[in-house]
Amino acid sequence: MLLAMAFTAGAQELRNRQDRAWEPGGAAVQVPVWPKAPPAPSPFDGHETYGNEDKRIAGRPYTMVDHVSHPTMSIFRARGKDTGTTIVVFPGGGYRRLAIDLEGTEVCDWLTAKGITCVVLKYRVPGSGPYWSDDCNCRRIPDAPYALQDAQRAIGLLRARAREFGIDPHRIGVMGFSAGGHMVAEISNHAERAHRPVDAADQESSRPDFAIAVYPGHLWEGPGLTLNPAVKVRADAPPTLIVAASDDPVDDIRHSLVYYLALQQAKVPVEMHVYAHGGHAFGVRRTAEISTHWPDVAEKWMGSIGMMPVATLR
């Protein structure tokens, strides 16, 4: 528990704090990612809590989840005409917390209304990927890629249980925000499992069929335009859409640019939309900024790669 507290030292104290595990509302089905405990060693063994940060996006607060040690995926079924497509969403939070509604369930509200089954991955935090440590004022790398393990396991589990969940195992994409955008790059370019297989689900491919990275981080190494050497882009990475704002004060636009250039050099189909204004962590909430209309772009892009019927596009 002390280690978990150290990871989040300096993070905002949560308002309306709930000392229990976050669960989805409505008709969502929550499924454990691992049959028992996650692969050891985990970065911590804390008590999960959630609440609101003292910030507002589009005039509303948002919920952050702390100390996730038992990852789950919450499945929100498509509404209306089912496109057959599924998207696994990776909320951001700097690998310290998870913006579970702003970059999770609210994304599913949009996607399910468009006939897409949406899965919110509540992956392990804190310290499950490269994170900024307030103790040393530096970036730290965990002993194992815990978040990537959870993401790969989730994709494999969805494919192994596709008939049970009523989804097409060949139409599964990923979408991630900020640190979750880094997870998009990680899972798109890792052919091998980052954990020892535990059952038949780990024999399924964890490569997504398409990928959307929204204001991603942890990809750029300065000075200049250098991709983080830990990210090895593969020629068989999935078609990718990148969305970001030039004035992002948290994840510099160069994180998006270097990943775009690396995918282009590897001849991976990639499209990027950069907005002059928009900042960071806008999720899918609409404001006066034109950047908050990026879901319209994403829908058209998904239509262009055959993951949404053209008839559903606005």
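These numbers come from a predicted model, not from an experiment.
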Practice problem: Can you tell me which residue pairs pass the salt bridge (Lys or Arg N to Asp or Glu O under 4.0 Å) test with a partner in residues 224-234, sequence neighbours excluded? | Solution: Arg234-Asp236
Quiz prompt | His170 atom NE2, neighbour heavy-atom count above 12 within 6.0 Å | solution = no
Quiz item: Using links of under 4.5 Å between side-chain heavy atoms of ILVMFWY residues, direct or through other members, which residues join Val268 in one cluster?
Solution: Leu219, Trp220, Leu225, Leu227, Val231, Val233, Ile242, Ile253, Leu257, Val258, Tyr259, Tyr260, Leu261, Leu263, Val270, Met272, Val274
Between [X] and [Y], does at least one N-O distance fall below 4.0 Å, as a salt bridge requires?
| X | Y | value |
| --- | --- | --- |
| Lys122 | Glu103 | no |
| Asp168 | Arg159 | no |
| Glu48 | Arg20 | no |
| Arg193 | Asp202 | yes |

Quiz item: Will you find, in the side chains of His280 and Ser178, an N or O donor that is under 3.5 Å from an N or O acceptor?
Solution: yes
Practice problem: Enter the distance from Glu53:CD to Asn16:CG here, rounded to the nearest 0.5 Å. | Solution: 13.0 Å
Quiz item: Should His182 and Tyr95 be marked as a ring pair (Phe, Tyr, Trp, His ring centres under 6.0 Å) after you check the CA-CA gap, both sets of side-chain angles, and the distance that decides it?
Solution: CA-CA 10 Å; His182 173 261; Tyr95 288 116; 5.8 Å; yes
Exercise. Indicate if Val119 and Val29 have the same hydrophobic cluster label, given that clusters are the connected sets of ILVMFWY residues with side-chain heavy-atom separations under 4.5 angstrom.
Key: yes
Self-check item: Given Val107, Val284, Ile57, the one that forms side-chain contact (heavy atoms from CB on, under 4.5 Å) with Leu102
Solution: Ile57
